[in-house]
Amino acid sequence: MADTLTITDNRTGKTYDLPIADGAIRAADLRQIKVAADDFGLMSYDPAFMNTASCRSAITYLDGDAGILRYRGYPIEQLAEQSTYLEVAYLLMHGELPNATQLAGWQHSVTTHTFVHEFLKRALEGYRYDAHPMGRLVAFLATLSTFYTDAKDIRDPDIRKQHAVRIIAKMPTIAAWAYRHSLGRPYVYPDNSLSYPGNFLAMMFQIAEPNYKPNPVLERALDVLFILHADHEQNCSTSAARGVGSAESDPYVSLAAASAALYGPLHGGANEAVLRMLRKIGNVKAIPAFIESVKKGEGKLMGFGHRVYKNYDPRAKVIKKLADDVFEVTGKNPLLEIALELEKIALSDDYFIKRKLYPNVDFYSGLIYQAMGFPMEMFPVLFAIPRASGWLSQWMEMLDDPEQKISRPRQIYTGSDARDYVPMSKR
Ligand code: SDX
């Protein structure tokens, strides 16, 4: 049997053989199917890209039914257990695990770029104290684009890598400073003797102690959370980064667009929405009524469901285990009991089973972040920081892909036919 799809156009009786490769046909091959010579040809219509591959990628592999997630072939469970976020960021961007020399060089590069230009402090002062940190992060990335004008030279791999390092290095700094500004606390400068997660915790929470030492359990928990959030193939924010980057915009504004997409409550804003939902439920006795309201379509069970995973999100499993380690140190988050009961009830309810709705990465992560002392507004920022390495890896892969060009979908026009302008006197 040939790897082709034979299509008969019943409007003309003609048949066409379309090649099938990698489980897909090329949408462009549909254009030959016409009813007349001047016909544009057939398009595929796929709102929200439910069944459209936008690219070929070697970075992350997901199997939604089996609940598999691998970065460059390595299972997420093994990376969470044995790797560090910076090593995973290297893996995503370079395709291979670094040897000791490469890792040391990579860590040194990131560590020595954690400072931001002093002017940026003034830019931060321009915000109200209660400005949402994600809004600041989107603006910060765009502002960095005005600093590093050579970043526009996106065809130079060395330039790309140099700015990728800058973004990975500076995101924690500006995130922490946005938090400190909201509390009226002095900014804490990066401490290059600390690990990537440890330095971020110091910049966030150091008060007067001369040498802040992060709690090792919390430092490791944050590193694992960063690993789990680093990439996730062609999700909404990655598609935004690829889309904006396809116009040859620089990496800073491409990631500003990605951060803006991640900010949405259906995407990276979900972990903040989960906490608000758990707070609104208030206690386990109120869960049945809440579940009924969701089933009546009065709202979603935030932190549940996924476009790809129709099984338990493998990241949620790791996070659930991680929660025990964190709560050992911080004390149990009182909302955990509601979350566990909510999961138990939902997983046995036909409404969720039928729709294959399981906890996703956001269902438990917020409980950990809150227990670690992060305010809810910081939760999507805690998603964006590690996802920067995934966005950058995908952005670079797009630029190096000879099949890619500026992304510009078609449409099915449903508006008015041609009509003449109506002067005001006749409206
Ligand atoms: C992330 O894409 C990624 O990889 C994203 C991400 C990443 O790492 O980048 O994994 C991170 O964004 C995780 C998802 C976080 N979002 C949430 O937890 C918000 C709540 N979840 C939903 O909004 C929803 O499940 C989505 C957005 C995650 C997925 O939406 P889909 O794939 O478009 O599914 P759908 O909306 O078509 O839902 C199918 C059915 C619908 O019911 P019917 O119309 O068929 O009756 O399931 C229902 C939906 O109403 N449904 C839910 C639900 N999610 C879907 N019903 C109640 N609660 C939910 N959470």
Side-chain angles (χ1 to χ4, degrees), residues 46-54 57 59-65 67-71 76 80 88 92 134 225-242 255 258-278 280-281 287 290-319 339 342-343 345-347 349-367 379-391 393-394:
D46 188 12
F49 309 116
M50 299 287 282
N51 189 42
T52 293
S54 62
S57 179
I59 298 172
T60 293
Y61 173 75
L62 302 185
D63 178 328
D65 292 325
I68 290 173
L69 164 56
R70 298 185 197 127
Y71 293 159
I76 193 67
V88 164
L92 290 170
M134 270 307 267
L225 284 160
F226 281 0
I227 290 170
L228 297 173
H229 285 85
D231 192 58
H232 214 241
E233 57 133 281
Q234 305 313 313
N235 57 83
C236 179
S237 53
T238 296
S239 300
R242 280 177 169 260
L255 264 66
S259 301
L262 190 74
Y263 194 0
L266 295 188
H267 191 8
N271 51 12
E272 180 180 348
V274 168
L275 259 290
R276 295 185 192 284
M277 173 187 74
L278 294 174
K280 193 175 128 213
I281 293 171
I287 291 176
F290 174 75
I291 292 273
E292 284 317 305
S293 75
V294 170
K295 289 157 69 172
K296 278 193 283 196
E298 291 165 12
K300 289 191 181 297
L301 177 45
M302 299 310 277
F304 259 64
H306 199 276
R307 176 64 55 79
V308 175
Y309 292 126
K310 299 309 172 190
N311 198 322
Y312 217 99
D313 184 331
R315 300 167 296 177
K317 279 185 190 156
V318 178
I319 289 173
L342 190 53
E343 175 189 347
I345 295 175
L347 292 186
D349 185 302
D350 191 48
Y351 177 92
F352 299 93
I353 296 168
K354 202 165 64 161
R355 291 168 177 80
K356 297 187 176 181
L357 302 176
Y358 292 87
N360 58 48
V361 67
D362 290 301
F363 190 63
Y364 286 106
S365 58
L367 289 168
F379 292 2
V381 176
L382 290 162
F383 196 142
I385 291 172
R387 186 53 62 90
S389 56
W391 289 332
S393 307
Q394 299 273 352

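All values below come from the heavy atoms of this structure, side chains included, with hydrogens, waters and symmetry mates left out. Order of appearance sets the numbers: ligands from 1, and atoms from 1 within every ligand. Numbering starts at 1 and runs along the sequence shown.
With hydrogens left out, the protein atom closest to atom 50 (O) of ligand 1 is Lys300 NZ, 3.7 Å, a heavy atom. In this structure, the protein non-hydrogen atom closest to atom 14 (C) of ligand 1 is Asn360 ND2, 3.6 Å. Of all protein heavy atoms, the one lying nearest to atom 19 (C) of ligand 1 is Met302 CE, 3.6 Å. Atom 43 (P) of ligand 1 has as its closest protein heavy atom Arg355 NE, 3.7 Å. The protein heavy-atom contact nearest to atom 7 (C) of ligand 1 is Arg387 NH2, 3.5 Å. Looking from atom 2 (O) of ligand 1 to the surrounding protein, the closest heavy atom is Asn235 CB, 3.3 Å. Of the protein's non-hydrogen atoms, Gly305 O, 3.7 Å is the one closest to atom 28 (C) of ligand 1. Scanning the protein heavy atoms around atom 37 (O) of ligand 1, the nearest turns out to be Met50 CE, 4.7 Å.
The shortest N or O to N or O distance between Val294 and ligand 1 is not below 3.5 Å. Ligand 1 has an N or O atom lying under 3.5 Å from an N or O atom of Gly303, backbone or side chain.
No more than 12 heavy atoms of other residues, nucleotides or ligands shown are found within 6.0 angstrom of CG on Asn51. Around atom NZ of Lys356, no more than 12 heavy atoms belonging to other residues, nucleotides or ligands sit under 6.0 Å away. Counting heavy-atom neighbours within 6.0 Å of Phe49 CZ, excluding the residue itself, gives a total of 12 or less.
Checked by atom type and distance alone, the side chain of Tyr358 never pairs as donor or acceptor with a backbone atom of Ala316 at under 3.5 Å. Counting only distance, with no hydrogens or angles, the side chain of Tyr364 and the backbone of Pro359 share no donor-acceptor pair below 3.5 Å. A side-chain donor-acceptor contact under 3.5 Å links Asp46 to the backbone of Thr52.
For ligand 1, the atoms closer than 4.0 angstrom to any heavy atom of Ala270 are 15 (C), 16 (N), 17 (C), 18 (O). Contact atoms of ligand 1 toward Leu301: 57 (C), 58 (N), 59 (C), 60 (N) (distance under 4.0 Å to a heavy atom of the residue).
Atom 34 (O) of ligand 1 is never approached by the protein to below 4.0 angstrom, counting heavy atoms only. Atom 39 (C) of ligand 1 is not flagged as protein-proximal [any protein heavy atom, distance under 4.0 Å]. Proximity of atom 30 (O) of ligand 1 to the protein is not indicated, since no non-hydrogen protein atom lies closer than 4.0 angstrom.
Counting heavy atoms from C-beta on, the side chains of Ser57 and Glu233 never come closer than 4.5 Å. Using a 4.5 Å heavy-atom cutoff, the side chains of Trp391 and Ser237 are in contact.
In this structure, Arg315 counts as a contact residue of ligand 1, since one of its heavy atoms falls inside 4.0 Å of the ligand. Remark: distances from the non-hydrogen atoms of Phe383 to ligand 1 include one below 4.0 Å. Not close to ligand 1: Lys295, with no non-hydrogen atom less than 4.0 angstrom away. Distances shorter than 4.0 angstrom do not occur between any heavy atom of Phe363 and any atom of ligand 1.
For atom 3 (C) of ligand 1, the nearest non-hydrogen atom from the set His306, Lys354, Arg307 belongs to His306. Residue Phe304 holds the heavy atom nearest to atom 20 (C) of ligand 1 of all those in Tyr351, Phe304, Phe352, Tyr358. Of all the listed residues (Asp362, Leu357, Asn271, Val308), Leu357 holds the heavy atom that lies closest to atom 55 (C) of ligand 1.
Between the CE atom in Met134 and the CG atom in Leu382 there is a gap of 10.0 Å [rounded to 0.5 Å].
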Subject >> Tyr309/His232 under ring-ring contact (aromatic ring centres under 6.0 Å, His included): CA gap, chis, key distance, verdict >> reply: CA-CA 11 Å; Tyr309 292 126; His232 214 241; 5.2 Å; yes
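Contact record, Ala346 with Leu301: CB-CD2, 3.8 Å, taken as the closest heavy-atom pair. Smallest separation of non-hydrogen atoms from His229 and Val361: NE2-CG2, 3.5 Å.
A salt bridge between Glu272 and Arg276 is present, with a side-chain N of the basic residue lying under 4.0 Å from a carboxylate O of the acidic one.
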